[in-house]
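A short write-up of the structure that comes next.
As the structure is a computational prediction, the values presented were derived from the model and not from experiment. Reminder, nothing fancy here: chain letters follow the sequence lines and each chain counts from 1.
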Amino acid sequence: MLNLYNSFTKSLEKVELSSDDVKVYLCGPTVQSSPHIGHGRSSVVFDFFIRYLKYLNYNVSFARNITDIDDKIIIKSSEQNIGFKELANKISKEFEQAYSNLNCLSPDFEPKATEYIDEIIVYIKQILDKDMAYVSESGVYFNTAAFTDYLKLSGRKLEEVISGTRVDIQDDKKAPEDFALWKFAKEGEPYWESTWGKGRPGWHIECSAMINTILGEEIDFHCGGNDLIFPHHENELAQSKAAYPNKNFVKYWLHNGMINLSGKKMSKSEGNVKILNDYIDEYGGDVMRFYFLRAQYRSPQEFSEDLLIESQTTFNKIAEFIKDTKPGPIDKNLINLFEECMGDDLNTPKLIGEIFLQINNSTKLDHLIQNDLKATIRYIFHTLGFTFLKAETEQLSDEKLANYFDNYGIIFESIEQAMNEYIIIREQHRTNEEYEIADVMRDSLLKIGIKIEDGKKDDWSWNNN
RNA sequence: GGCGACGUGGCGGAGUGGCUACGCAGCGGUCUGCAAAACCGUGUACACCAGUUCGAUUCUGGUCGUCGCCUCCA
């Protein structure tokens with residue numbers, strides 16, 4: 001049982017798919033500037049979704065595009081005095097790194113707009129042939145008046161859209177709400193040849209054309225941030241329905257909520273973006289994923305570094321609880337809860353609550369049953385794409401360790417040997433009641449990932465888990 | 001201005017017509033070095049005002065407030 005909120009019908013719907021082969025398209029980034037937390041949310045949240053579809057034994061075809069040509073890229077690259085391709089490549093690499101560090105599944109297809117120019121041109125022709133677009137002085141435009149279902153997805157009224165459009169420049173459009181399929185190149189702008197003239201594709205057409213080329217005329221899920229509903233997805237839908245009027249372009253539209261900073265949406269126009277890779281480097285992919293798991297994917301989510309630290313604390317608690325276990329779906333009760341939560345529009349915060357309830361109750365259970373629970377929790381987190389690997393900065397390198405132990409006059413050979421000597425030094429301080437020194441030693445050691453736990457007198461243990 | 005969403009304890013965040021969500025922080029305790037960690041215990045919160053109801057945080061209406069979209073945006 002999987003219920004999901006469909007933005008098109010604006011209601012929770014039971015997901016019913018005619019085939020086990022499922023097609024998913026996720027609107028990827030325009031590679032104009034470094035990925036921020038919001039990009040992270042979208043990719044992780046839909047990664048949970050795709051992994052869950054796979055868990056349900058669907059055979060998923062997953063495509064996520066890269067918009068590597070658009071007005072912003074042109075402007076930014078000329079500001080930086082580099083080619084638009086250079087900028088797009090550079091930013092694409094940053095996204096690639098983020099996806100990989102967040103352990104997001106690689107898409108089966110990752111089309112770039114500039115690699116599908118021919119298909120885009122063919123697609124525009126199809127729309128022109130149906131008289132739903134026209135060529136004007138500045139480009140080729142979609143004729144919204146010819147498409148009766150326009151604005152059905154976003155639920156807007158035409159007047160609102162018109163009042164919102166900028167009146168400047170493109171006055172060669174038939175109607176202000178018409179949008180560009182192909183923009184003719186101005187002096188110095190990159191361009192591709194087309195039958196209408198040199199230019200580049202509009203923002204929305206690439207998705208329609210690439211979906212059509214790669215996944216086909218109909219797909220099951222179309223995902224993206226809810227800020228894309230209008231105009232991007234609205235226009236995409238219009239184009240696709242114009243080109244293929246008898247096809248049901250998308251069965252379920254899924255949209256994630258935005259990241260907020262102190263209650264305000266984080267966005268480029270607000271200038272309050274937080275760079276994703278900085279936080280991944282510091283906290284690691286698992287903690288970032290867990291942070292995103294804490295909110296239901298459609299709700300707005302608060303972001304602050306404190307919340308990231310809190311996520312780290314909470315996640316470590318779970319990791320500590322299940323350490324030394326292998327994943328296995330043994331505890332049927334918890335598996336049922338898992339499916340219940342995920343089936344309820346991917347209610348991951350509820351899932352976390354249920355898991356903690358189980359952990360809290362488990363102290364009363366005997367070891368065997370508790371181990372079943374641990375294995376199941378690990379299984380669930382593995383299913384959702386958690387690795388339980390340390391963040392890179394927390395990995396212990398020999399060099400780092402040697403450096404650290406050198407401060408105490410210990411020559412590092414192995415971690416066991418060094419720790420043995422280290423403990424002797426520290427215990428001496430404790431015996432001498434030089435607790436401040438002992439505490440500094442313990443705290444500084446924790447910073448390089450080794451935890452000392454003092455027990456009774458002369459009793460201690462350490463680990464680098 | 002139009003359309004939409006939301007308003008839960010210090011923070012984050014689920015949920016329900018009547019029964020502890022959960023996590024973090026805090027507080028109390030055990031242990032201890034009047035420490036850290038660990039462990040145990042601990043919180044009658046649901047914007048406001050009416051209405052429906054035996055009973056509403058949960059349903060209905062209104063008020064106030066916040067946020068989003070309407071312009072590039074995940």
Across the strands shown, which category fits Gly38(A) at heavy-atom distances under 4.0 angstrom: base, sugar-phosphate, nothing?
base
Are Asp71(A) and Arg200(A) close enough for a salt bridge, meaning some N to O gap below 4.0 Å?
yes
Basic-acidic side-chain contact under 4.0 Å: Lys93(A), Glu96(A)
no
Would you call Asp68(A) and Lys85(A) a salt bridge, taking side-chain N to carboxylate O under 4.0 Å as the test?
no
Quick note, His36(A) side chain, CB onward, closest among rG68(B), rA74(B), rG15(B) is rA74(B)
Using a strict cut-off of less than 4.0 Å between a Lys/Arg side-chain nitrogen and an Asp/Glu carboxylate oxygen, indicate whether Asp345(A) and Arg298(A) qualify as a salt bridge.
yes
Using a 4.0 Å heavy-atom cut-off, does Gly257(A) contact any base of the nucleic acid, only the sugar-phosphate backbone, or nothing at all?
base
Reading RNA chain B from 5' onward, which residue's closest nucleotide shows up sooner: His39(A) or Ser154(A)?
Ser154(A)
Do any N or O atoms of the protein come closer than 3.5 Å to N or O atoms of nucleotides 18-23 of chain B, and which pairs are they?
unit_1  : atom_1 : unit_2    : atom_2 : d
rG23(B) : OP1    : Asn360(A) : ND2    : 2.9
rG23(B) : O2'    : Thr314(A) : OG1    : 2.5
rG23(B) : N2     : Glu310(A) : OE2    : 2.6
rG23(B) : N3     : Glu310(A) : OE2    : 3.4

Looking at Arg289(A) and Asp47(A), is there a salt bridge between them, counting it only when a charged N and a carboxylate O are closer than 4.0 Å?
yes
Closest listed nucleotide, where the reference is the side chain of Ile259(A) and the choices are rA74(B), rC72(B), rC67(B)
rA74(B)
Starting from the 5' end of RNA chain B, give me the residue, Ala438(A) or Glu302(A), whose nearest nucleotide shows up first.
Glu302(A)
Compare the minimum distances between each of rG33(B), rG68(B), rC72(B) and the side chain of Arg426(A), then state the nucleotide with the smallest one.
rG33(B)
When you measure from the centre of the six-membered ring of Phe386(A), is the NZ or CZ of Arg378(A) under 6.0 Å away and within 45° of the axis?
no
To the nearest Å, how far apart are Met441(A) CE and rG33(B) P?
19 Å
Which of the following nucleotides, rG33(B), rC70(B), rG15(B), is nearest to the side chain of Phe230(A)?
rC70(B)
Glu310(A) bridged to Arg294(A) by N-O distance under 4.0 Å:
yes
Out of rG13(B), rG33(B), rA74(B), which nucleotide sits closest to the side chain of Met266(A)?
rA74(B)
Under 3.5 Å, is there an N or O donor on one side and an acceptor on the other linking the side chain of Asn347(A) and the base of rG15(B)?
no
Tell me whether the side-chain N or O atoms of His255(A) pair up with the base of rA74(B) as donor and acceptor below 3.5 Å, since no angle test is needed here.
no
Ignoring backbone atoms, test whether Lys265(A) places a side-chain nitrogen or oxygen under 4.0 Å from the OP1 or OP2 oxygen of rA74(B).
no
